[in-house]
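Everything below concerns the one structure shown next.
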Protein chains: 2
Amino acid sequence: MEEESDPLCICCLRGIMPTIAKKWAICIIVELGRRPSMRFSEMMKDCGKISPKSLADVLKELQNAELIERVCYAEVPPRVEYRLTEHGRSLRVAIGPLLHWAKEYNLLFLSYRIPMLAKVPDP
Amino acid sequence: MEEESDPLCICCLRGIMPTIAKKWAICIIVELGRRPSMRFSEMMKDCGKISPKSLADVLKELQNAELIERVCYAEVPPRVEYRLTEHGRSLRVAIGPLLHWAKEYNLLFLSYRIPMLAKVPDP
DNA sequence: CCGTATCCAGCGGGATACTG
DNA sequence: CAGTATCCCGCTGGATACGG
């Protein structure tokens, strides 16, 4: 594998970045990985302050990318469940190191430079 | 380490995502990691089709986040070099799995669903 | 309950011309 | 060479109200 000498191909990210860079995409991928499935209203609560439109938008994009799948049960009241696909699960694994890095970075960076994290009120 | 049971903390990404999700940020981080340093004009060529304003913008943001550093030599004509900081290098390592995943994802996804990658003309 | 329909503000980012 | 100064467009994403 010559990937070792040049493992980082940028162009590969061009396709997926517009999707996973969306504000709530990673959040959904990660939260969804914690449970077997989640419902719409559940995400509205657990993902922070997101509007139904924004959530619907990002869910649709994640479906198109086949990172999540939508399972619709014909009941009254209607019930819809979302779950990670195989792609979604592997993505969740792939961003693990990034999340871990971010945690450490925040600690180090915050130790001598505050303003950066001022962007993160996290109510 | 209880990180094993719940390694994925979303809030950690809130601080850095707005920076690294910028269109050219990852590209710069990766390219910069290939050489000891790069100059402005060099990036203009090697990063694809980017305008000087966009490049200046993202470089400034990466400096603020202390992922890259700017070294200015008092010469005529002026010479400025950019290089990764320690944070930048560790980030580059952390996104390795994501890039590798993206490569594989493109192959698998492309095999039965073309439109997604139509977004990537890559001239 | 699970969304859709509208409307709208902010900003990311490209094109272009110009400067120290 | 290494940017800055403008201008402008399109997309993201929030607020709100409504529908099956």
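Lettering of chains follows the sequences in order, A, B, ..., and the numbering in each one begins at 1. Quick caveat, the model's predicted, so the values are computed rather than measured.
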Practice problem: List, by chain and then residue number, the residues other than A/Y73 in its hydrophobic cluster (Ile/Leu/Val/Met/Phe/Trp/Tyr, side-chain heavy atoms under 4.5 Å); write none if there are no others. | Solution: A/V71
Self-check item: Whole-Å gap separating C1' (C/dG13) and CE (B/M44)
Solution: 13 Å
Quiz item: What is the distance, rounded to the nearest whole Å, between atom CG of A/D57 and atom P of D/dG13?
Solution: 9 Å
Quiz prompt | Nearest-Å distance for atom pair CG/C1', residues A/L55 and C/dC1 | solution = 13 Å
Exercise. Check the angle between the aromatic planes of A/Y82 and A/F40 and answer parallel, tilted or perpendicular using the 30° and 60° thresholds.
Key: tilted
Quiz item: Does B/L59 offer a backbone N or O that forms a donor-acceptor pair with the side chain of B/Q63 under 3.5 Å?
Solution: yes
Quiz prompt | Near-strand residues of residues 20-28 of chain B, defined as heavy-atom separation under 4.0 angstrom from DNA chain D | solution = none
Practice problem: Measure the angle between the two terminal helix axes of the helix from C/dC1-D/dG20 to C/dG20-D/dC1, five base pairs each, and quote it to 10°. | Solution: 50°
Practice problem: Report which part of the nucleic acid B/Y82 touches: base, sugar-phosphate, or nothing (heavy-atom distance under 4.0 Å, all strands). | Solution: sugar-phosphate
Quiz item: For the residue pair A/T19 and A/A65, what are the closest heavy atoms and their distance?
Solution: CG2-CB, 4.4 Å
Quiz item: Is there a donor-acceptor contact under 3.5 Å from the side chain of A/E61 to the main chain of A/V58?
Solution: no
Practice problem: Looking only at side-chain atoms of B/R39, point me to the closest of D/dG3, C/dC2, D/dC1. | Solution: D/dC1
Quiz item: Under a 4.5 Å cut-off applied to non-hydrogen side-chain atoms, are B/I20 and A/L98 in contact?
Solution: yes
Practice problem: Starting from C1' on C/dG13, measure out to CZ on A/R14 and report it in whole angstrom. | Solution: 13 Å
Practice problem: Mind calculating the distance between OH (A/Y73) and C1' (C/dC2) to the nearest angstrom? | Solution: 15 Å
Exercise. State whether A/D46 and A/R35 are salt-bridged, where the test is any N-O pair (Lys NZ or Arg NE/NH1/NH2 against Asp/Glu carboxylate O) under 4.0 Å.
Key: yes
Quiz item: What pairs with B/R70 under salt bridge (charged side-chain N to carboxylate O under 4.0 Å, His left out), at least two apart in sequence or on another chain?
Solution: none
Exercise. Give a yes or no on whether the backbone of B/L67 and the side-chain of B/T85 come within a donor-acceptor separation of less than 3.5 Å.
Key: yes
Quiz prompt | Shortest side-chain distance from B/V80, nucleotide among D/dA2, D/dT4, C/dT4 | solution = D/dA2
Self-check item: Protein-to-nucleotide contact annotation, 5' to 3' order, nucleotides 15-20 of chain D [B base; S sugar-phosphate only; - none; under 4.0 Å, heavy atom]
Solution: BB---B
Quiz prompt | Residues in ring pair (Phe, Tyr, Trp, His ring centres under 6.0 Å) contact with B/W24, at least two apart in sequence or another chain | solution = none
Quiz item: How close or far is atom C1' of D/dG3 from atom CD of B/E81, stated in whole angstroms?
Solution: 16 Å
Practice problem: Return yes if some donor-acceptor pair links the side-chain N/O of B/S37 with the main-chain N/O of B/R83 below 3.5 Å, else return no. | Solution: no
Exercise. Would you classify A/S54 as touching base, sugar-phosphate or nothing, given that sugar-phosphate means primed atoms plus P, OP1 and OP2, and contacts are heavy atoms under 4.0 Å?
Key: base
Practice problem: May I have the distance from A/M43 (atom CE) to D/dG13 (atom P), rounded to whole angstrom? | Solution: 16 Å
Quiz prompt | Test item: A/R34 and A/R92 side chains (from C-beta on) under 4.5 Å apart, heavy atoms | solution = yes
Quiz item: Between D/dT12 atom P and B/M17 atom CE, what is the distance in whole Å?
Solution: 14 Å
